[in-house]
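Okay, structure first, notes after.
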Amino acid sequence: MSATFFARHPVDVARALIGARLALAGVGGVIVETEAYHHEDPASHSHGGRTARNAAMFGPVGRAYVYRSYGIHWCLNIVCGSDPGSAVLIRAIEPTDGLELMRQRRGLSDPRQLCSGPGKLCQALAVTREHDGLPIDHAPFAFAPAASSAEIVGGPRIGISKAADLPWRFGLAGSRFLSRPFPK
DNA sequence: ATGACGATGCACT
DNA sequence: GTGCATCGTCATG
């Protein structure tokens, strides 16, 4: 399954991931926000070629690429593409499973603040470097594609300085669990 | 050995 | 909306 699902352009995968279910050790929910990073994209970590950090991006599709951001947060991507070096950043999840554990890990109770950002969702699901390179559809991860096609909105990516004009951020229309609203 | 720089989140104005 | 913590990674000497 994962081969056909993830072996295409990261923009296609980023859109297809909206509405999919993702969990780690039974804690997770529905993906509501993603960003695409292509191997020829200046904003992609793979742009400068393979290094120790980004090695997972050059491995098989359907695996996790986990990196540390600002020395503080973890961020979770899923490796994809028809050529090595592309991935989709998971930016927000609507929490459905393991809410109590998430609240504990985040120190918050508001469901809308548990997974509404790439660093937040990694804290809520307890994603760390240990998960770098693991298949996204095998334990401890669980993955299920969206049952039906969702209504999707797009816009510019967040927090980058290069290729900031590419509209490669996607979200579930009307969701209250986004990291930020989409511009009109 | 050292320095610059983040695919962020949170506290505060 | 603005400021800043905090440290791994990579390029350079």
Quiz item: When all nucleic acid strands are considered with a 4.0 Å heavy-atom cut-off, which category describes A:Arg169: base, sugar-phosphate, or nothing?
Solution: nothing
Exercise. Output yes when A:Glu35 and A:Arg157 qualify as a salt bridge under the 4.0 Å nitrogen-oxygen rule, no when they do not.
Key: no
Quiz item: What is the distance from atom CD1 of A:Ile136 to atom CD1 of A:Ile90, rounded to the nearest 0.5 Å?
Solution: 7.0 Å
Quiz item: Using Watson-Crick and G-U wobble pairs with both distances under 3.5 Å, what is the 5'-to-3' dot-bracket string of DNA chain C, with [ ] for crossing pairs and | for pairs outside the strand?
Solution: |||||.||||||.
Self-check item: 5′-ward residue of the pair A:Gln113/A:Ser161 relative to DNA chain B
Solution: A:Ser161
Practice problem: May I ask you to say what A:Arg106 touches in the nucleic acid, namely base, sugar-phosphate or nothing, with a heavy-atom cut-off under 4.0 Å? | Solution: sugar-phosphate
Quiz prompt | Sidechain N-carboxylate O distance under 4.0 Å for A:Asp132, A:Arg53 | solution = no
Quiz prompt | Cation-pi geometry met for A:Arg129 and A:Trp74 (6.0 Å, 45°) | solution = no
Practice problem: Measure the spacing between CH2 of A:Trp168 and CG of A:Leu89 and express it to the nearest 0.5 Å. | Solution: 13.5 Å
Quiz item: In chain order, what residues pass the side chain to side chain contact (heavy atoms under 4.5 Å, CB included) check against A:Arg106, with sequence neighbours excluded?
Solution: A:Leu108, A:Leu114, A:Lys120, A:Gln123, A:Ala124
Exercise. Determine the contact category for A:Arg157: base if any of its heavy atoms lies under 4.0 Å from a base atom, sugar-phosphate if only primed atoms, P, OP1 or OP2 are that close, otherwise nothing.
Key: nothing
Quiz item: Got a second to check how far A:Leu172's CG is from A:Ile93's CD1, nearest 0.5 Å?
Solution: 13.0 Å
Quiz item: For residues 70-102 of chain A, which residues have at least one heavy atom under 4.0 Å from DNA chain C?
Solution: A:Tyr70, A:Gly71, A:Ile72
